[in-house]
Structure formats: C-alpha cells, structure tokens
Amino acid sequence: MSRKTIHRAKTRGHANHGWLDSHHTFSFASYYDPERMGFGLLRVLNDDVVAPGMGFGTHPHDNMEIISIPLKGSLAHRDSTGTQEVIQTNEVQIMSAGSGLTHSEFNGSKTEPVNFLQIWVFPKERDIQPRYGQKSFKPEDRVNRLQTVVSPEKDGEALWINQDAWFTLGTLRNGFSEQYALHKPGNGLYAFVIDGEVEIDGEKLGRRDGMGISGADKVQINSSGDAELLLMEIPMK
C-alpha cells in the first residue's frame with residue numbers, strides 16, 4: 001500500500017533576507033516543522049533566489065550530498081578542493097562533502113538574479129574524500145521524456161551521487177503519460193513541480209508543489225499541459 005504526502009507551495013517555509021529570498025520544502029534554518037524534516041534520506045529542498053552580486057560566504061559541510069540546479073541565471077561556486085566554477089541553466093552540480101570541506105556560492109551576475117534549487121541528501125558512505133561534479137544536459141533530451149541527471153552509477157551519463165538515488169528532469173507537454181518505475185525496492189519518490197501542472201499518482205500538483213510517495217514500485221505521471229518536473233528517487237532509510 002503506497003503512502004502519499006503532499007506539500008503545497010504555499011505551505012513551504014519562507015525567509016526573505018533582502019539579498020536572499022528562500023522557500024524551504026523541509027525544515028531549514030529558522031523554519032522548523034517536526035512533521036517536515038525531510039523525505040527518507042532527502043533532507044533539504046530549498047528554492048533560492050539570490051540578488052545580483054550577492055551570495056553565501058564560505059561555510060563548511062560534511063557527510064552530505066549537495067545538488068544545485070539553476071533554474072534561471074548563473075551560480076558561481078568555489079570550494080576548498082580548489083574547484084572554481086560557474087553553473088548555468090541546463091547544468092547540474094553535485095558536491096560530495098564527505099569528510100569535510102568549505103565552499104561559497106554567489107550569483108554569477110552583477111545585474112540579474114539567480115534562482116536555483118539546492119538539495120541535500122544523506123550519503124551512503126560516510127567520510128569519503130570530498131569531490132565535485134558538474135555537467136550540462138541538453139534540454140531537448142527531456143522534452144516529453146524523463147532525463148536522468150543524477151544516479152549512483154559512477155560510469156553512467158548522469159552525475160554520480162554517493163547514495164542509491166536517482167534524479168530526473170522532464171519538460172512535459174500536453175498528453176504526456178508515463179509510468180516511472182523505481183530502480184530499487186524500498187526507495188520512495190519525491191516529485192517537485194518546477195512549473196506548470198502535473199498529475200502524479202492521481203494527484204494534481206501545481207507550480208512548486210511537492211509530493212512524496214513511498215511503498216510503490218511504479219508511479220503514474222500525466223500532463224495535460226506544459227510543465228517542468230523534477231523527480232527524486234530516494235532511499236527511505
């Protein structure tokens with residue numbers, strides 16, 4: 001028997017610091033809800049808008065898989081491994097904090113805001129050597145299909161994550177209908193609607209709505225219009 005948890009966009013935590021306007025699907029910083037501490041090993045799903053020329057100063061992380069997906073604009077990254085990159089739309093970044101590192105993130109533009117999703121997943125193996133990954137994905141390859149951008153396969157076409165997790169993106173059109181088959185027994189699926197409207201497992205979800213489904217082997221996805229969708233398959237424990 002599958003179990004569904006729906007998080008409507010308007011119920012998310014919200015903090016506006018001027019330079020940063022952030023919405024939190026799960027408890028984060030000053031937003032705390034004991035019923036919203038994550039979904040399985042998915043701990044953080046933040047929808048951040050950073051003002052031009054502003055950003056997060058150097059700060060530490062350890063034993064967390066951190067994924068950043070720019071939705072609009074560019075994100076400049078620097079970390080203690082010596083990596084210094086700019087991530088654009090249609091690119092995905094992953095950082096395995098492992099045994100520990102420090103990093104900073106800033107808007108890559110002095111004139112335009114950047115909107116990006118920052119996602120934290122607990123790792124499979126602790127205290128690994130910190131590593132960084134970044135990859136560009138063709139937007140045409142996810143029109144009316146699901147494009148895998150993060151997976152546990154080290155030699156695959158997606159970015160490698162230190163966890164039995166799969167992230168997929170889809171740009172859906174009217175009439176899209178597909179069953180998502182979970183890769184691993186015991187995993188759950190968290191769907192986040194970036195834009196538009198989608199029906200998932202019979203539930204209608206709108207822009208920035210999220211829904212977690214556990215106890216299912218397959219999940220039905222239908223679209224009657226244009227939509228941008230992120231699916232995160234995550235171990236539940």
Side-chain angles (χ1 to χ4, degrees), residues 1-7 12-13 24-28 32-47 61-69 92-101 116-135 137 142 146-170 178-194 198 200-201 203 205 209-221 229-237:
M1 185 71 177
S2 64
R3 180 175 180 269
K4 292 184 281 192
T5 303
I6 298 175
H7 299 127
R12 296 180 297 171
H24 315 305
T25 295
F26 304 114
S27 294
F28 187 83
Y32 175 73
D33 182 340
E35 298 298 316
R36 295 176 72 156
M37 295 303 296
F39 175 76
L41 297 185
L42 171 62
R43 175 61 189 87
V44 168
L45 172 53
N46 288 348
D47 181 3
H61 290 283
D62 69 84
N63 289 305
M64 194 67 74
E65 300 294 294
I66 301 173
I67 300 98
S68 296
I69 304 176
V92 178
Q93 174 206 71
I94 187 165
M95 186 174 68
S96 290
S99 56
L101 52 67
F116 70 103
L117 300 179
Q118 184 166 111
I119 302 157
W120 297 6
V121 177
F122 289 109
K124 185 175 183 178
E125 296 182 31
R126 291 180 58 84
D127 296 322
I128 67 169
Q129 181 176 347
R131 61 182 297 279
Y132 177 91
Q134 177 181 335
K135 190 170 183 179
F137 295 91
R142 58 178 176 269
L146 300 177
Q147 178 188 58
T148 302
V149 296
V150 172
S151 88
E153 299 170 9
K154 290 187 177 181
D155 299 322
E157 295 183 359
L159 288 167
W160 175 73
I161 185 171
N162 172 29
Q163 187 49 270
D164 293 324
W166 287 260
F167 284 32
T168 59
L169 291 168
E178 186 170 321
Q179 275 195 332
Y180 179 96
L182 279 81
H183 295 79
K184 188 171 181 180
N187 276 6
L189 187 69
Y190 196 89
F192 184 74
V193 182
I194 296 170
V198 183
I200 299 179
D201 200 33
E203 301 287 347
L205 303 175
D209 286 349
M211 181 172 73
I213 304 172
S214 58
D217 298 324
K218 296 180 180 180
V219 176
Q220 182 65 42
I221 302 167
L229 180 65
L230 169 63
L231 298 175
M232 294 167 279
E233 181 182 335
I234 303 286
M236 296 308 293
K237 60 182 180 179

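Note that these values count all heavy atoms, side chains included, but never hydrogens, waters or copies made by symmetry. Numbers here are sequence positions counted from 1.
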Considering non-hydrogen atoms only, spot the tightest contact between [X] and [Y] and give its length.
{"X": "Gln163", "Y": "Lys124", "value": "NE2-N, 3.2 Å"}
{"X": "Phe137", "Y": "Thr148", "value": "CE2-O, 3.9 Å"}
{"X": "His7", "Y": "Arg36", "value": "CB-NH2, 3.3 Å"}
{"X": "Phe26", "Y": "Met37", "value": "CB-C, 4.5 Å"}
{"X": "Phe39", "Y": "Gly188", "value": "CE2-C, 3.8 Å"}
{"X": "Ile234", "Y": "Leu41", "value": "CG2-N, 3.5 Å"}

I'd like to know if the side chain of [X] and the backbone of [Y] have a donor-acceptor N/O pair within less than 3.5 Å.
{"X": "Lys4", "Y": "Asp201", "answer": "yes"}
{"X": "Asp164", "Y": "Pro235", "answer": "no"}
{"X": "Ser27", "Y": "Asp33", "answer": "yes"}
{"X": "Glu125", "Y": "Asn162", "answer": "no"}

Does the side chain of [X] reach to within under 4.5 Å of the side chain of [Y], using non-hydrogen atoms?
{"X": "Asp209", "Y": "Ile6", "result": "no"}
{"X": "Met64", "Y": "Phe122", "result": "yes"}
{"X": "Ile200", "Y": "Ile213", "result": "yes"}
{"X": "Val121", "Y": "Phe167", "result": "yes"}
{"X": "Glu65", "Y": "Ile94", "result": "yes"}
{"X": "Leu231", "Y": "Ile221", "result": "yes"}
{"X": "Glu233", "Y": "Tyr180", "result": "yes"}

Distance check, rounded to the nearest 0.5 Å: [X] atom [atom1] versus [Y] atom [atom2]?
{"X": "Leu42", "Y": "Met232", "atom1": "CG", "atom2": "CE", "answer": "5.5 Å"}
{"X": "Leu189", "Y": "Met236", "atom1": "CG", "atom2": "CE", "answer": "10.0 Å"}
{"X": "Leu230", "Y": "Leu45", "atom1": "CG", "atom2": "CG", "answer": "7.5 Å"}
{"X": "Ser96", "Y": "Gln129", "atom1": "OG", "atom2": "CD", "answer": "10.5 Å"}
{"X": "Leu101", "Y": "Met95", "atom1": "CG", "atom2": "CE", "answer": "5.0 Å"}
{"X": "Gln93", "Y": "Ile66", "atom1": "CD", "atom2": "CD1", "answer": "8.5 Å"}

- prompt: Does the pair Leu229 and Thr168 meet the rule for a side chain to side chain contact (heavy atoms under 4.5 Å, CB included), with working shown?
  reply: CA-CA 8 Å; Leu229 180 65; Thr168 59; over 6 Å; no
- prompt: With under 30° as parallel and over 60° as perpendicular, where do the rings of Trp166 and His183 fit, or are they tilted in between?
  reply: parallel
message: Can you classify the ring geometry of Phe28 versus His24 as parallel (below 30°), tilted (30 to 60°) or perpendicular (above 60°)?
response: tilted
task: Flag yes if more than 12 heavy atoms outside Glu35 fall under 6.0 Å of its CD atom; otherwise flag no.
output: no
message: Tell me if the CG atom of Asp62 is crowded by more than 12 foreign heavy atoms within 6.0 Å.
response: yes
message: Taking side-chain contact (heavy atoms from CB on, under 4.5 Å) as the definition, give me every residue that meets it alongside Asp127, ordered by chain and number, with sequence neighbours left out.
response: Asn63, Ser99
Identify every side-chain donor-acceptor pair in residues 149-161 under 3.5 Å, counting partners at least two apart or on other chains, and give the distances.
unit_1: Ser151; atom_1: OG; unit_2: Glu153; atom_2: N; d: 3.1
unit_1: Trp160; atom_1: NE1; unit_2: Pro152; atom_2: O; d: 3.2

